[in-house]
Amino acid sequence: MISAEEAKRLAKKNLSAKRYQHTCNVKKLAVELAKRNGADEKKAALAALLHDIAKELPRTELLQIFTDNAIIADNIAQRAAPVWHGVAAAILAQTKYGIEDAEILSAIRCHTTGKAGMSTLDKIIYMADMASAERDYPEAELLRRHALENLDKATVEGLGMSIAWLKAENRPVDPETIEAYADLRKSIYGGRKIE
Ligand SMILES: [Fe+2]
Ligand SMILES: [Fe+2]
């Protein structure tokens, strides 16, 4: 498995300066969230540093990665293109960078969508990505504060916002996001499953 230093070098090499800065900010927030929620800080750092590693790859290259790793890719090419890069990053982390840790791979894979039954590390990377320091949409600062205060509730809030934004723009909501929201909402607030 590669070290955090190597992962950082890879991010710098593969990403634009802007996205590299985003990645460093995600890492910083992810480590802080790990500290506050009793999660493994090293895993959080590594997942954060690699989460967007495939974000700037051309579409053809992403599709090739999915074809070459069809079982792990699990028909991702049939889902909306914006969610591809997380799955591609997890595949690269596993096959190219020797990361075998299932928690790290899952957190990278679902960082754009969430999923049903999110682990603490999944939530950390999802929220660190959504509320990283350079994010400047109107709700970002409040969401960042909520993430630091209560990771579970902030993740429900973040998933809900993401669904609302996509719907407002008439863009498809990934089924995994709907499942993540319904599942986490139910586990925190109880009550019936919201479809
Ligand atoms: Fe991403
Ligand atoms: Fe990101």
Side-chain angles (χ1 to χ4, degrees), residues 4 7-34 39 41 43-59 61-63 65-66 69 72-74 76-77 79-94 96-97 99 103-115 118-137 139-141 143-144 146-148 151 154-155 157-159 161-163 165-166 169 171-177 180-181:
K8 200 169 177 182
R9 265 198 301 278
L10 279 168
K12 190 162 193 177
K13 199 177 98 189
N14 285 283
L15 301 174
S16 65
K18 197 175 168 200
R19 188 158 283 115
Y20 174 67
Q21 187 56 53
H22 159 70
T23 294
C24 292
N25 291 343
V26 173
K27 183 210 161 202
K28 206 170 165 201
L29 183 52
V31 169
E32 178 60 31
L33 290 173
E41 292 170 40
K43 287 189 189 187
L46 213 45
L49 288 167
L50 293 175
H51 85 283
D52 270 345
I53 202 76
K55 179 97 177 181
E56 293 174 8
L57 292 179
R59 184 185 168 90
E61 212 165 309
L62 291 174
L63 287 170
I65 291 170
F66 300 146
N69 300 276
I72 320 179
D74 190 25
I76 182 70
R79 283 159 54 194
V83 311
W84 290 3
H85 74 278
V87 175
I91 292 173
L92 292 178
Q94 184 177 354
K96 241 176 127 178
Y97 309 135
I99 292 182
E103 281 184 354
I104 298 177
L105 294 173
S106 166
I108 296 173
R109 185 179 180 108
C110 76
H111 84 263
T112 322
T113 57
K115 67 176 189 181
M118 288 171 86
S119 70
T120 302
L121 193 64
D122 292 334
K123 293 171 199 162
I124 286 172
I125 300 301
Y126 183 82
M127 286 314 299
D129 181 43
M130 192 168 183
S132 54
E134 85 293 346
R135 300 281 195 199
D136 58 359
Y137 53 89
E139 303 91 335
E141 202 183 318
L143 196 59
R144 199 174 300 131
H146 289 176
L148 291 165
L151 180 65
T155 307
E157 193 181 4
L159 287 162
M161 273 185 196
S162 166
I163 292 169
W165 292 335
L166 290 166
E169 291 174 11
R171 285 161 60 199
V173 180
D174 192 88
E176 291 210 11
T177 305
Y181 181 69

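Below, each value reflects all heavy atoms present in this structure, side chains not excepted, and no hydrogens, waters or symmetry copies. Every number for a ligand or one of its atoms is a count from 1 in the order of the listing.
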Open item on the list: Apply side chain to side chain donor-acceptor pair (under 3.5 Å) to residues Thr23 and Asp52 and explain how you reach the verdict.
Closed with: CA-CA 7 Å; Thr23 294; Asp52 270 345; 4.9 Å; no

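- Angle NE2(His85) to the Fe ion (ligand 1) to NE2(His111), rounded to 10°: 90°.
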Open item on the list: Could you walk me through whether Phe66 and Ile91 satisfy the side chain to side chain contact (heavy atoms under 4.5 Å, CB included) test, starting with their C-alpha distance in whole Å, then the side-chain angles of each, then the deciding distance to 0.1 Å, before giving a yes or no?
Closed with: CA-CA 8 Å; Phe66 300 146; Ile91 292 173; 4.0 Å; yes

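- Asp52 contributes OD1 as its N, O or S atom closest to the Fe ion (ligand 1).
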TODO: Could you check Arg135 against Asp129 for salt bridge (charged side-chain N to carboxylate O under 4.0 Å, His left out), going step by step and ending with a plain yes or no?
DONE: CA-CA 9 Å; Arg135 300 281 195 199; Asp129 181 43; 3.2 Å; yes

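- Taking the Fe ion (ligand 2) as reference, the nearest N/O/S atom within Asp129 carries the name OD1.
- Tested against Gln94 for a side-chain contact (heavy atoms from CB on, under 4.5 Å), the candidates Ile104, Ile99, Ile72 yield a single pass: Ile72.
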